[in-house]
Every structure is written in C-alpha cells, then in structure tokens.
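Before any comments, here is the structure.
Just follow the structure's listing: the first ligand is 1, and inside any ligand the first atom is 1. Counting from 1, the numbers follow the sequence of the chain as shown. The structure displayed is predicted, hence computed values, not measured ones.
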Amino acid sequence: MAVTKMRAFWNERVSGLAPYTPGEQPRDRRFIKLNTNENPYPPSPLVIEAIRRAVDDRLRLYPDPECWELREAIAERFGVQPEQVFVGNGSDEILAFAFGAFFSDKVLFPDITYSFYPVYARLWGVPFERPPLNDDFSINPGDYTGVALNAGVVFPNPNAPTGRGMDIATVLSIVTARKDRVIIVDEAYAMFAKENLSVVSSVATYPNLLTVHTLSKFASLAGLRVGFAIGNEGLIEGLCRMRDSFNSYTVDRLAQAGAIAVMKDKAYYDNVTRKIVDTRERVSTALSSMGFEVIPSDANFIFIRCPSLKGADFFAYLREKGILTRHFNAPRIADFLRVSIGTDSDMAAMATIATIGC
Ligand code: PMP
C-alpha cells in the first residue's frame with residue numbers, strides 16, 4: 001500500500017505533530033563531522049570498562065527503574081541529595097517530561113534557541129511565546145521576569161545554537177522574580193563555559209528551579225543516551241510520575257553502569273573539556289582575524305558567519321568539501337552556521353577550507 005494511503009490511519013494527534021529534525025548522521029560518506037555537538041574525544045576508559053563488566057547474564061533482568069546507584073553517584077559529584085536527581089534516556093526525554101509535568105497555560109523561551117522546545121510545547125498543547133534575543137544574541141532577562149507574564153520559562157545556558165552564556169546572578173534574577181513558576185535551565189553545554197555559570201548549587205534554595213544536564217556532550221556519550229535533572233524533591237517526583245506513566249525502564253543497565261563510571265572520573269573529563277575549550281578559543285580567534293563573525297561561545301560549538309557567502313551556500317560549500325556543520329534556515333540566523341568543536345586537526349581543516357571559500 002502507498003505510504004500516503006497508510007497515513008490515513010493516523011489520528012489527529014499524530015497528524016498534528018511538528019517533529020524535530022535531528023542533525024544528519026551520515027551513512028554513505030566520511031565527513032569531518034561538526035554538526036551535532038558530539039565530543040571528538042573518546043569516553044573515559046573507566047566508562048568503557050564499566051559497560052563491558054555489565055555485559056553478562058544480568059541482562060535478563062530489568063534495570064533499576066529509579067536508577068538509585070547512579071542518582072547517588074550524580075548527587076555526590078554535584079553536591080546534592082539523590083532525591084534531588086532524576087535520570088532519563090537523554091536530556092531530551094527529561095525535557096519532554098518536564099514540559100508535560102510543569103507547563104500548562106504558557107511557556108516562554110527565546111526566539112533563537114534549542115529547536116526542540118516548540119516541538120515539546122506543541123506536543124503537550126502548551127501555548128508558547130518567544131521573546132526575541134538582543135541584537136548581539138544575548139537573552140534579555142527582563143523579558144522573563146514580569147509578574148504579569150504568568151508563564152513557565154525554559155532556556156539553555158549557554159544558549160544553543162548561539163553559544164552565549166548568562167552569568168549566575170542573571171539566571172537567578174529570573175528564578176527569583178518568578179517563584180510561582182517553574183524555570184528550567186538546560187545546562188547541556190554548561191561544562192564548557194569560561195567561568196562557572198551552572199545554578200545546580202541553588203536548587204535547594206529555589207523549589208521552582210530545575211536544571212537539566214546530559215552525558216552526550218561533556219562525557220562523550222551521545223550514543224549511550226543518559227541525561228539527568230537536578231531540582232527540588234517535588235519536581236523530581238513530578239518527573240517520576242511522568243516517566244511511570246510512559247515507560248518505567250528508560251535507562252538500561254549498560255547505560256546506568258557507564259554513567260556511574262562518568263561520575264567517578266572527573267579528572268579525565270576535566271582534561272577533555274579543557275582541550276575542547278582551548279581549541280574553541282584558538283579557532284574563534286583565528287576565524288575572527290580572517291573576517292568571520294564569531295559569536296563568543298561558552299559551549300562546545302561556535303556560531304559563525306562567513307563574510308561573503310549566504311548561510312545556505314556556506315553550508316553547502318563546506319559539505320561538498322567533506323565538512324558537516326549545522327545550518328538553521330530561520331529568521332535572524334539564516335546566515336550563520338553552528339560548528340561543533342572537533343579535534344585541533346578537524347578544526348584546522350575546517351578553518352582552512354572555510355577561509356578559502358569565504
Ligand atoms: N538541550 C540542548 C540545548 C541540546 O542542544 C541538546 C542536544 N541536541 C539536548 C538538550 C539533548 O541532548 P541529549 O538528549 O543527547 O541528552
């Protein structure tokens with residue numbers, strides 16, 4: 001039967017979905033892959049070893065649905081209580097649960113931000129507004145603090161795809177202005193910031209603050225699918241209710257074993273993160289001096305504009321030369337590309353080819 005005919009079986013809900021488009025995972029050709037903010041370095045050897053050790057006949061058994069051992073390891077690493085930690089199948093899953101659990105009448109997020117947010121808002125039928133970023137792509141905190149707004153808030157810090165970070169005092173000014181609403185701070189890229197901008201240590205103070213984290217970026221584990229959230233016990237319980245109304249076993253045994261090992265090898269990951277930050281700073285300076293516009297980044301990617309090519313043409317040119325980046329055909333950012341930070345040699349190749357083309 002033709003696919004279009006089979007679509008006749010869709011109900012209104014699925015017909016009305018507007019799904020997210022993830023970055024391309026090429027199968028046919030080798031690229032320098034700078035399009036999905038993966039980490040160019042391998043996970044800690046302790047993580048690989050822990051996953052290997054978990055491959056045995058215990059796979060017969062369901063994993064711990066509450067992920068207690070992992071929650072304890074995360075709690076110890078981040079100086080919080082295990083009851084303040086939720087673990088999910090990637091942070092996308094946690095964001096999906098959080099939108100469903102905590103937002104109802106309205107949610108605010110910037111006009112330029114992670115493009116999954118409007119997808120989740122539509123999925124749960126939550127109306128949203130998108131205050132515009134300032135011209136330099138910074139968030140205007142005043143857009144989120146008005147008492148009359150009556151809305152939840154979510155934003156990444158640093159923001160994606162711009163890479164711009166917001167300092168802790170400014171984030172907390174939003175959290176404290178709206179004590180009656182949940183504020184989700186998506187800290188997917190916070191480990192790569194020049195100065196600490198994480199508000200994790202404030203979750204005990206602000207019951208309306210939920211921070212969301214992922215092992216896909218700093219921990220080199222995009223393939224394992226583990227994310228976690230830190231917040232007040234009440235918010236964590238809300239997320240558990242969502243999970244247990246959907247799929248109680250979202251994080252498998254191997255993922256739990258690997259993620260526990262991440263929390264125990266801070267030294268390895270601090271070193272990897274430092275290398276990525278150094279590479280980012282070097283390539284940002286080099287591209288700026290060659291005439292590219294480079295938005296100052298606190299993340300493991302940079303947002304750049306070629307002085308002579310339209311964004312879509314710059315993207316196509318790099319792709320043709322074997323370099324995969326991310327282009328968002330959206331207002332205000334259509335001439336920019338988001339380029340993930342790879343190894344020094346990946347980035348040197350990218351910068352040389354970009355400079356020739358621009
Ligand atoms: N938040 C932001 C801002 C992201 O860019 C991403 C990665 N696409 C995620 C969350 C989701 O990451 P993951 O599901 O791999 O944990």
Atom indices of ligand 1 within 4.0 angstrom of Gly90 heavy atoms, with elements: 14 (O), 16 (O)
Donor-acceptor contact present, side-chain Arg243 to main-chain Gly88, <3.5 Å: no
Heavy-atom donor-acceptor pair, Thr343 side chain to Asp346 backbone, under 3.5 Å: yes
Structural part of Glu93 in contact with ligand 1, heavy atom criterion under 4.0 angstrom: neither
Structural part of Tyr189 in contact with ligand 1, heavy atom criterion under 4.0 angstrom: side chain
Heavy-atom nearest neighbour in the protein, as seen from atom 8 (N) of ligand 1, with distance rounded to 0.1 Å: Tyr114 OH, 3.2 Å
Ser220 side chain to Tyr41 backbone, donor-acceptor under 3.5 Å: yes
Pi-cation contact, Phe137 with Arg164 (under 6.0 Å, within 45°): no
Heteroatom proximity flag, Arg225 to ligand 1, N/O under 3.5 Å: yes
Nearest-neighbour protein heavy atom for atom 3 (C) of ligand 1, which is reported as residue plus atom name and distance: Asp186 OD2, 3.4 Å
Side-chain donor/acceptor of Asn159 to backbone N/O of Thr162, under 3.5 Å: no
Atom 15 (O) of ligand 1 [closest protein heavy-atom partner, distance rounded to 0.1 Å]: Ser216 OG, 2.6 Å
